[in-house]
Amino acid sequence: FRAVFVDLADTGEPDVLRRCAASAGLDPAHVDAALADPALRRRAFDQHREADARGVEGIPALVLPGQPPITGGVPIDVYRAALARALLTS
C-alpha cells in the first residue's frame, strides 16, 4: 500500500518488490524465485484475463454472482448492500 499510494513506487519493478517484501519481513529472494517461475507467471496472466472478462477494473475487487464487480476503495455500506442483494437472490 505504502509503496504505491505514498511513495508512488512502480511495483512492477523487481527491486521495488524486493524492498516491499523485506519491509514485510519476507526474504526478498522469494521475489526473484516467483518472478522466474513460469507457472506463477501463467497463473497471474490467467487470473488477470479472468478478472478482465468479469469487468474488474481495479483493486481491491469483490465479485458476487449476478452483480457487477465492486472495485476500488468504497464505503462499507456498498459491500453491505451488495452482500444483502446476493443473499436475497441465492
Side-chain angles (χ1 to χ4, degrees):
F1 181 88
R2 179 179 181 82
V4 172
F5 295 108
V6 176
D7 301 336
L8 304 177
D10 181 358
T11 54
E13 292 296 322
D15 42 325
V16 173
L17 291 176
R18 283 186 213 96
R19 282 196 307 272
C20 291
S23 72
L26 303 172
D27 182 350
H30 291 303
V31 171
D32 295 319
L35 291 174
D37 186 333
L40 286 178
R41 183 178 180 83
R42 278 191 304 278
R43 181 177 172 195
F45 277 98
D46 288 347
Q47 289 176 346
H48 178 69
R49 280 190 291 277
E50 179 185 353
D52 190 48
R54 292 178 179 240
V56 172
E57 297 177 349
I59 54 171
L62 175 67
V63 179
L64 296 169
Q67 298 184 53
I70 300 170
T71 58
V74 297
I76 189 76
D77 288 338
V78 172
Y79 290 106
R80 287 185 178 127
L83 289 169
R85 284 192 304 274
L87 290 172
L88 289 175
T89 60
S90 63

**Message:** Quick check: closest heavy atoms across Val56 and Thr71, and the distance to 0.1 Å?
**Reply:** CG1-CG2, 4.0 Å

**Asked** Other than Ile59, which residues form its hydrophobic cluster under the rule that side-chain heavy atoms must be closer than 4.5 Å?
**Response** none

**Request:** Keeping to residues at least two apart or across chains, list the ring pair (Phe, Tyr, Trp, His ring centres under 6.0 Å) pairs with something in residues 68-90.
**Result:** none

**Message:** According to a hydrophobic-cluster definition based on side-chain heavy atoms being under 4.5 Å apart (Ile, Leu, Val, Met, Phe, Trp, Tyr only), do Leu17 and Val4 belong together?
**Reply:** no

**Message:** Is there a continuous path of hydrophobic side-chain contacts, each under 4.5 Å between heavy atoms, that joins Leu40 to Val31?
**Reply:** no

**Fill in**
For Pro69 and Val63, the nearest pair of non-hydrogen atoms, with its separation, is CB-CG2, 4.2 Å

**Residue Arg49 excluded, over 12 heavy atoms near CZ under 6.0 Å** = yes

**Single-linkage hydrophobic cluster Leu83~Ile70, side-chain heavy atoms < 4.5 angstrom** = yes

**Fill in**
CG of Asp15 to CG of Asp32, rounded to nearest 0.5 Å, is 10.0 Å

**Message:** Working to the nearest 0.5 angstrom, can you tell me the gap between Glu13 CD and Arg19 CZ?
**Reply:** 9.5 Å

**Fill in**
Closest non-hydrogen atoms of Ala3 and Thr11, given as atom of the first, atom of the second and distance, are CB-CG2, 4.3 Å

**Asked** Tell me the side chain to side chain donor-acceptor pair (under 3.5 Å) pairs involving residues 51-66, sequence neighbours left out?
**Response** Glu50-Arg54

